[in-house]
Amino acid sequence: MLEAINLSKTYNTAIALHSLNLYIPAGEIFCLLGANGAGKTTTINLFMGFTEPTIGEVLVGGINVAQKPHEIKKLIAYIPENVMLYPTLTGLENLAYLSGLSGTAYSDAELVVFLQRAGLQKEAMKRRVGEYSKGMRQKVGIAIALAKHAKALFLDEPTSGLDPLASNEFSRLIRGLADTEGVAVLMATHDLFRAKEVGDRIGIMNAGHLASVVKAGDVSPSRLEELYMETILQKHAQREAA
Ligand code: ATP
């Protein structure tokens, strides 16, 4: 579903992403870990067509993102750390408006079902989003992905600032999207524990390189932490040698 082929991105002279080759099939959750500036957001931005590759190709559902950016937008959904919604509209109104922009007019009853599946309490749906917690706004983000029937979902530090209960619930919802809807998920996070909980595979980035990829089920939390630290320390060693 998601494919990066020899993908590189350079800003002026700085290499933000170096020769990434990655395939994420439908129904897989791939978590990207890495220190600040490692290239996680750049990778997501390239997949979403927010920025163009310097070298290489990005494909979503076999479609080249740079060649057909409008077609790609119909297939993908994005949940950043802070989901941007209209604060004076209710959750229901936001979903009606934003799913309408994607070309589908749903009835209120259908919208309520999407919001329910995303875990939003019924009483909250008719409250203004300006009164919502971060976790509730993210649930509206999930409902938008459901209403769009998105084939791929991009998450950039989605659990940052969520309490453990909300973070856990969020992870379950994402797992559900992958399992029941076959959505391919690419999630950038600093939360090693969450990556191991929700991810099928975990990639660790170091200075623009995807330095290692492991199956979440194959590593213990402590081994994952070790691997992460080894990768980051490698970066410091490289810097000092330069
Ligand atoms: P964080 O965990 O802090 O979000 P990240 O892993 O997402 O970091 P990126 O945001 O992808 O890292 O940044 C990778 C590198 O590319 C960094 O050195 C960053 O300064 C650089 N970079 C990213 N966007 C731009 C831009 N628009 N212009 C110039 N440099 C950029």
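For ligands, and for the atoms within them, numbers begin at 1 and follow the listed sequence.
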Item checked: With Y23 via ring-ring contact (aromatic ring centres under 6.0 Å, His included) - residues at least two apart -> none
Note to self: Counting only heavy atoms and a distance below 4.0 Å, can you name the residues contacting ligand 1?
What the structure shows: Y11, A16, A35, N36, G37, A38, G39, K40, T41, T42, E157, H190
Margin query: Please tell me whether T231 and N206 have a donor and an acceptor in their side chains that are separated by less than 3.5 angstrom.
Written below: no
Checklist line | Aromatic plane relationship, F114 with H149 - under 30° parallel, 30 to 60° tilted, over 60° perpendicular | finding: perpendicular
Note to self: Nearest 0.5 angstrom please: I72 CD1 to I63 CD1, how far?
What the structure shows: 4.5 Å
Notebook entry, point to check: Applying salt bridge (charged side-chain N to carboxylate O under 4.0 Å, His left out), which residue pairs with at least one partner in residues 63-89 are found, sequence neighbours left out?
Noted result: E81-K134
Next item on the list: Taking salt bridge (Lys or Arg N to Asp or Glu O under 4.0 Å) as the test, write out the residues that go with K139, two or more places apart.
Entry: E169
